[in-house]
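Read the structure below first, then the notes.
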Amino acid sequence: MMGTMGKMAALAAEPGEDAFRKLFRFYRQSRPGTADLGGVIDFAQASPARGTCHKVLRSPLSVSSVSEQDACRAGLQPVSKWKAYGLEGYPGYQRHWVKQCLKLYSKKPNVCNLDKHMVAEEIPDLWGQSQELLRNKDVNKKKPRSLLEKLRWVTLGYHYNWDNKTYSADHYTPFPSDLAYLSKQVAAACGFQDFQAEAGILNYYRLDSTLGIHVDRSELDHTKPLLSFSFGQSAIFLLGGLKRDEVPTAMFMHSGDIMVMSGFSRLLNHAVPRVLPNFDGTSLPHCLEVPLPDALPAGSIAEPCSVEDWQVCAKYLQTARVNMTVRQVLATGQDWEDKEIKTMSESSCHLDDKNNEAKRPRMNPNS
Ligand code: OGA
Ligand code: MN
């Protein structure tokens, strides 16, 4: 927001004023036709505001979903003439979620794929064990792999049982409040006002990892959306139909993308066949280069991420993708006692790669 900075500095903050309120006041007193408005993104111009750090991206619309006739009836232009934009914005916050996935959520009482190789007394601190190894890692040298590099999945809240494909009342630990809050906001923006984050599956992909074709149907209320957040290297995501014989649609999932599976798409087949390495194998997506802002907003759920911590995360992400999926398991007001056992048989699959220690049955796409 370089354009507004000089002006902003001139505007003295009132005691106890947060960043939002300060900018609110700045724009309230702004004068048209002056440099005051230089930091405002103008979608009509389809060009980013001078000095802004948020890139404006064109978002595709589902042109075929609304007929020209239906649009016309609503007094709207044909959808092909609409323009939708997204903001590549608030990038610093991605760092918070990456750090949580690697440093905090990987800890007990959460459950992870490495647990079954360990005796309870010896559960190591994955982050503590891995940070030196990762920091000194030479991409070109074969070194022993750190535990973080062997991490494939973590479960949160109601811990998913991979063997019987159910969640249960007696395997629950508190769901992280920051991720629950983020999920609530995203769900609400999509029209799901009472979404409760009750279970999470975090996926840690290496460049050779894949996620087999599956449907997420173990949750008991399929009218609630499933939220999926992606960080690090990009992946190809395949979204298919209700049946395996429908040809899926391929789409990129880039760092910072949020996918909401709801309504008809809630029970569609999907998979991740490929994580794409950065061509030189070193750099991170541009949006991860930006640190968290020095002054976090009042009541921010993110805390600052230290330079040292980020160095470890950045090194890890050079060859990795982290995906957080958040689910509501029970219907609103439903109780485990009300639950009629209805386990649908489904082929099991989860992260699968050449070095995966915790081998899960690999899906055969033709089975
Ligand atoms: C899942 C899932 C997709 C992804 O965890 O169920 O579908 O993008 N993840 O990693
Ligand atoms: Mn899934």
Side-chain angles (χ1 to χ4, degrees), residues 94 97-98 101-102 105-106 110-113 151-163 165-167 175 179 182-183 186 197-222 224-244 246 248-277 285 316-317 319-329 344 346-353 356 358 360-363 365:
Q94 290 188 41
W97 300 111
V98 171
C101 287
L102 298 181
Y105 303 156
S106 61
N110 301 330
V111 177
C112 77
N113 65 298
L151 184 63
R152 289 293 169 274
W153 55 262
V154 166
T155 54
L156 310 171
Y158 289 115
H159 298 283
Y160 192 59
N161 181 325
W162 301 99
D163 298 321
K165 299 170 196 75
T166 61
Y167 300 97
F175 193 96
L179 183 53
L182 171 76
S183 303
V186 172
E198 293 172 332
I201 299 179
L202 313 178
N203 298 301
Y204 300 78
Y205 295 80
R206 311 298 306 168
L207 295 177
D208 58 359
S209 307
T210 59
L211 179 63
I213 307 163
H214 68 283
V215 175
D216 294 277
R217 61 168 111 252
S218 301
E219 299 73 25
L220 302 177
D221 181 1
H222 298 148
K224 293 292 183 285
L226 189 153
L227 314 181
S228 163
F229 304 85
S230 296
F231 303 104
Q233 303 302 330
S234 299
I236 296 174
F237 185 92
L238 294 178
L239 184 63
L242 291 167
K243 297 235 169 69
R244 288 278 292 271
E246 276 181 61
T249 303
M251 54 192 95
F252 284 114
M253 293 281 268
H254 297 300
S255 193
D257 283 352
I258 304 172
M259 152 116 41
V260 178
M261 295 186 81
S262 65
F264 177 70
S265 73
R266 178 66 180 76
L267 295 172
L268 296 183
N269 281 284
H270 57 279
V272 177
R274 181 89 165 105
V275 175
L276 296 154
Y316 174 88
L317 280 188
T319 54
R321 168 177 185 256
V322 177
N323 170 256
M324 319 190 284
T325 61
V326 180
R327 302 122 193 271
Q328 175 166 343
V329 175
M344 323 264 292
E346 199 207 321
S347 9
S348 161
C349 72
H350 220 73
L351 282 197
D352 196 4
D353 67 18
N356 199 347
R360 307 229 132 249
R362 196 187 171 129
M363 292 289 285

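Ligands are counted one by one from 1 in listed order, and the atoms in each one are counted from 1 as well. Start at 1 with the first residue, then count along the sequence. As a basis for the values below, the full set of heavy atoms in this structure was taken, side chains included, without hydrogen atoms, waters or symmetry mates.
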Reported CG-to-CZ distance for the pair Leu242 and Phe264, which is rounded to 0.5 angstrom: 4.0 Å

By number and element, which atoms of ligand 1 are closer than 4.0 Å to a non-hydrogen atom of Leu211? 1 (C), 2 (C), 3 (C), 7 (O), 9 (N)

Is Leu226 touching ligand 1 with its side chain, its backbone, both, or neither, if touching means heavy atoms under 4.0 Å apart? neither

Using distance alone, with no hydrogens and no angle criterion, decide if Thr319 and Arg206 have a side-chain donor and acceptor under 3.5 Å apart. yes

Considering the heavy atoms of Asp216, write down every atom of ligand 1 situated less than 4.0 Å from one of them. 6 (O)

Pair Arg266-Glu219, salt bridge (Lys or Arg N to Asp or Glu O under 4.0 Å): steps then yes or no: CA-CA 11 Å; Arg266 178 66 180 76; Glu219 299 73 25; 2.9 Å; yes

Indicate yes or no: at least one non-hydrogen side-chain atom of Tyr167 is less than 4.5 angstrom from one of Arg327. yes

Measuring only between side-chain heavy atoms, which start at C-beta, is Leu179 closer than 4.5 Å to Tyr105? yes

Can you confirm whether Arg321 sits close enough to Ser230 that some side-chain heavy atom of one is under 4.5 Å from a side-chain heavy atom of the other? yes

Would you say the side chain of Val98 lies within less than 4.5 Å of the side chain of Tyr316, judging by non-hydrogen atoms? no

Counting each atom of ligand 1 from 1 as listed, which ones have a heavy atom of Arg327 under 4.0 Å away? 1 (C), 5 (O), 6 (O)

Give a yes/no verdict on whether any heavy atom in Met259 is under 4.0 Å from an atom of ligand 1. no

Going by the side chain to side chain contact (heavy atoms under 4.5 Å, CB included) test, name the single residue among Leu227, Thr325, Leu239 that passes it with Met261. Leu239

For His270, counting its heavy atoms only, list the atoms of ligand 1 lying under 4.0 Å from any of them. 7 (O)

Ligand-residue contact atoms, ligand 1 with Arg321, heavy atoms, under 4.0 Å: 4 (C), 8 (O), 10 (O)

Please could you name the atoms of ligand 1 that Asn323 approaches to less than 4.0 Å, counting only its heavy atoms? 3 (C), 4 (C), 8 (O), 9 (N), 10 (O)

When rounded to the nearest 0.5 angstrom, what distance separates CE in Met251 from CE in Met259? 5.0 Å

Listed as residue and atom, the protein N/O/S atoms under 2.8 Å from the Mn ion (ligand 2) are His214 NE2, Asp216 OD2, His270 NE2

If you compare Tyr205, Phe237, Tyr204, Phe229 by their heavy atoms, the one closest to atom 10 (O) of ligand 1 turns out to be Tyr205

Under the side-chain hydrogen bond (donor to acceptor under 3.5 Å, both in side chains) rule, collect the residues that match up with Thr155, sequence neighbours excluded. His159

